[in-house]
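Let me begin by presenting the structure, written as structure tokens, before commenting on it.
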Amino acid sequence: GILLVDPSSSGIVVPYAEIERGDSDTGHAVVAVAEGLSSTAVNVTALNGSGTYGTGEIINITVQFSEEVVVDRTGGAPYLELNTTPARNANYFAHDLDTITFRYLVQAGDTRADLDYATATSLRLNGSTIKDLARNPTVATVPAGGVALAAPGALFSLGYNRSIVIDPAAAVDYVTA
């Protein structure tokens with residue numbers, strides 16, 4: 001079926017059959033959304049460039065979906081498990097349309113020659129939900145509460161898109177006033 005989303009009304013979704021004739025004259029932008037197709041994670045990258053990052057530096061990692069998504073953090077916030085030693089997570093930071101941003105703060109002792117997420121199921125929901133505008137859950141939600149990503153190092157993965165080295169000894173330039 002088709003759902004209509006009226007962005008001016010906090011994204012209220014109404015089945016097309018329930019829209020009365022003349023509603024298009026309200027002046028509100030109404031967007032038709034195909035129901036039944038779920039979004040998928042299509043690309044993972046970092047807003048930071050390739051390079052070496054040390055203790056105290058922040059790496060912003062983005063997960064892009066095949067369509068606009070809604071993140072409901074009522075029950076918790078999603079996070080991304082990283083392949084660092086020791087194991088660390090990039091925590092939910094923000095989301096905009098089809099992209100969720102996760103933030104990783106490099107801590108003393110963290111190391112990795114090529115930063116990536118740990119496994120293809122490293123995007124953990126943690127009690128949250130990620131759905132498209134028609135309220136379909138993301139595709140390939142794994143039984144353990146994660147969302148499927150490309151294999152680490154494969155095309156469209158963080159490790160493929162960026163060459164990020166985590167080295168606690170890397171010099172961090174701080175500007176003082």
Atom pairs and distances, donor-acceptor, side-chain atoms in residues 148-156, under 3.5 Å, two or more places apart:
none

Name each donor-acceptor pair under 3.5 Å that joins a side chain in residues 68-81 to protein atoms two or more places apart or in another chain, with its distance.
| residue | atom | partner | partner atom | Å |
| --- | --- | --- | --- | --- |
| Asp72 | OD1 | Thr74 | N | 2.9 |
| Asp72 | OD1 | Thr74 | OG1 | 2.5 |

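Atoms CZ and OG1, on Arg124 and Thr119 in that order, are 7.0 Å from each other to the nearest 0.5 Å. Of the inter-residue distances, the one linking Gln64 atom CD with Thr40 atom OG1 reads 10.0 Å to the nearest 0.5 angstrom. Ser66 contributes atom OG, which lies 8.0 Å from atom CG of Asp132 (distance to the nearest 0.5 angstrom). Within the model, atoms CD1 of Ile130 and OH of Tyr92 stand 9.0 Å from one another, a figure rounded to the nearest 0.5 Å. In this structure, CD1 on Ile166 lies 11.0 Å from CD on Gln107, to the nearest 0.5 angstrom.
Counting heavy atoms from C-beta outward, Arg162 and Asn48 have side chains that stay 4.5 Å or more apart. Val63 places a side-chain heavy atom less than 4.5 Å from the side chain of Phe102. When side chains are defined from C-beta on, Ile61 counts as touching Leu82, because their heavy atoms get closer than 4.5 Å.
Judged by distance alone, with hydrogens and angles left aside, the side-chain atoms of Asn161 form no donor-acceptor pair with the main-chain N or O of Ala46 at under 3.5 Å. With Asp167 contributing its side chain and Ala169 its backbone, the two residues share a donor-acceptor pair below 3.5 Å. Although no hydrogens or angles enter the test, the distance criterion places no donor-acceptor pair under 3.5 Å between the side chain of Asn60 and the main chain of Leu47.
Of all the heavy atoms in Thr111 and Pro168, the pair that sits closest is CG2-CD, 3.7 Å. Taking all atoms of both residues into account, the shortest heavy-atom contact from Asp98 to Glu67 is CB-O, 3.4 Å.
Of the candidates Val42, Leu97, Thr99, Ile100, Phe65 forms a side chain to side chain contact (heavy atoms under 4.5 Å, CB included) with just one, namely Ile100.
Residues passing the salt bridge (Lys or Arg N to Asp or Glu O under 4.0 Å) test with Arg88, sequence neighbours excluded: Asp110.
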Side chain to side chain contact (heavy atoms under 4.5 Å, CB included) between Ile164 and Tyr53: does it pass, once the steps are laid out? CA-CA 7 Å; Ile164 296 176; Tyr53 294 84; 3.6 Å; yes
